[in-house]
Amino acid sequence: GQSLEQPSEVTAVEGAIVQINCTYQTSGFYGLSWYQQHDGGAPTFLSYNGLDGLEETGRFSSFLSRSDSYGYLLLQELQMKDSASYFCAILANSGYALNFGKGTSLLVTP
Amino acid sequence: NAGVTQTPKFRVLKTGQSMTLLCAQDMNHEYMYWYRQDPGMGLRLIHYSVGEGTTAKGEVPDGYNVSRLKKQNFLLGLESAAPSQTSVYFCASRRLAGDEQFFGPGTRLTVL
C-alpha cells in the first residue's frame, strides 16, 4: 500500500516563507503532486514532480527526492489568501489514480 | 467551458434511501474519479474510470456503485444510504497524459 505523512497544521506570518513537508511510503509511483483547497471549495492543482528536483511556479515551488521518500511545497512571500489546506498526492504506478495525504492546514497571520 | 460540474450540490437522505450523484465534464478527459472527503481524512478515492464503459475500485468502494456509459459523465450511486456515508463528495477528471486533476465543486451529502 501507500501512505503519505504531512503536518496537520502550520502557521506563518504574511510575507514570510513556509515549507510543507510530505514523506511517503510506497513500492513505486510516477510522481508527487500538490493541491490547494480553500474552505468549502474544490481542490486545485499546484504542481507536479515527476523527476527529482525542484519545480518552480511563481511564488510556489515543489521538490521531490525519491531516494529520501520526501517532498515539500515551498510558499514564498506569503499572502493572506494562501491560508488554505495543502495536500500532497502520489500518482500510483498504474498511472491512473492519485492517493492523497490528509492535508496540512496553513494559517497566514498578519 | 464549464469544466467539471456536479449535481446536486446538497442533499439530505434518510438511512436506507438511494440516490445518484452526477458528474459531468466537457474537457474530453479520459479519466474520471469519485472521492469522498471527511474532516481530518483528506480525500479518499471511491471509484474511478479510465474510459467509457470501464470502472475500477478505489480505496473505499463499499456501499457505492458507479457507471460511465458516456465519456463525459460519471455517476456515483448509493443503493442504501448509511449515516457513515455523510461526507463531501468530489468528482474529478484528468486527460490521458496530464498531470493535473480538475475537481468539481463538490456535493454535500447528509444521511440521517
Side-chain angles (χ1 to χ4, degrees), chain A residues 1-9 20 22-26 29-51 53 55-57 60 62 64 71 73 84-106, chain B residues 2-7 9-10 21 23-25 27 29-52 54-61 66 68 74 87-108:
Chain A
Q2 299 175 330
S3 67
L4 298 97
E5 295 291 332
Q6 351 176 191
S8 58
E9 295 179 348
I20 299 174
C22 175
T23 57
Y24 58 84
Q25 289 185 333
T26 180
F29 68 107
Y30 274 109
L32 186 70
S33 300
W34 289 92
Y35 285 76
Q36 179 192 59
Q37 185 180 32
H38 286 98
D39 276 349
T44 56
F45 174 81
L46 291 177
S47 68
Y48 174 77
N49 291 75
L51 302 173
E55 293 283 342
E56 297 179 86
T57 308
F60 295 0
S62 59
L64 174 64
L73 180 69
S85 292
Y86 293 84
F87 296 88
C88 60
I90 281 178
L91 182 60
N93 256 348
S94 66
Y96 301 142
L98 274 179
N99 293 306
F100 284 82
K102 294 183 179 180
T104 298
S105 178
L106 171 64
Chain B
V4 181
T5 58
Q6 294 183 230
T7 309
K9 290 184 170 54
F10 302 92
L21 283 67
C23 176
Q25 54 96 3
M27 296 174 283
H29 285 175
E30 286 75 16
Y31 302 155
M32 295 188 74
Y33 308 88
W34 276 107
Y35 294 90
R36 61 177 289 173
Q37 186 174 34
D38 303 295
M41 296 297 293
L43 289 149
R44 292 184 293 170
L45 183 64
I46 305 172
H47 286 281
Y48 65 98
S49 168
V50 300
E52 183 178 319
T54 71
T55 63
K57 293 180 180 179
E59 179 187 356
V60 288
V66 288
R68 187 143 179 228
F74 196 28
S87 188
V88 180
Y89 291 85
F90 286 101
C91 176
S93 72
R94 180 167 70 93
R95 65 182 176 88
L96 185 63
D99 300 329
E100 177 178 357
Q101 276 189 189
F102 295 81
F103 283 82
T107 294
R108 282 145 184 82

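Letters A, B, ... mirror the listed sequences (proteins, then strands); counts begin at 1. No experiment lies behind these values; they were computed from the predicted model shown.
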Measure A:Phe87 against the heavy atoms of chain B and call it side chain, backbone, both or neither at under 4.5 Å. side chain
Turns out that what part of B:Phe102 lies under 4.5 Å from chain A's heavy atoms comes down to neither
Scored by heavy-atom pairs under 4.5 Å with chain A, the best of B:Gln101, B:Arg94, B:Met41, B:Gln37 is B:Gln101
Of B:His29, B:Met27, B:Met32, the one forming a side-chain contact (heavy atoms from CB on, under 4.5 Å) with B:Val4 is B:Met27
In terms of relative ring orientation, are A:Phe45 and A:Tyr35 parallel, tilted or perpendicular, with 30° and 60° separating the classes? perpendicular
Below 4.5 Å from any heavy atom of chain A, which atoms of B:Leu45 appear? Answer side chain, backbone, both or neither. side chain
Less than 4.5 Å apart, any side-chain heavy atom of A:Pro43 and any of B:Phe90? yes
Looking only at A:Gly101, A:Ser105, A:Ala42, the option with the highest number of non-hydrogen pairs under 4.5 Å against chain B is A:Ala42
Minimum heavy-atom separation for A:Leu32 and A:Phe29, please, with both atom names. N-CE1, 4.0 Å
Under a 4.5 Å heavy-atom cut-off, does chain B meet the side chain of A:Leu91, its backbone, both or neither? side chain
Minimal non-hydrogen separation, B:Asp99 against A:Ser33, with atom names: O-OG, 4.3 Å
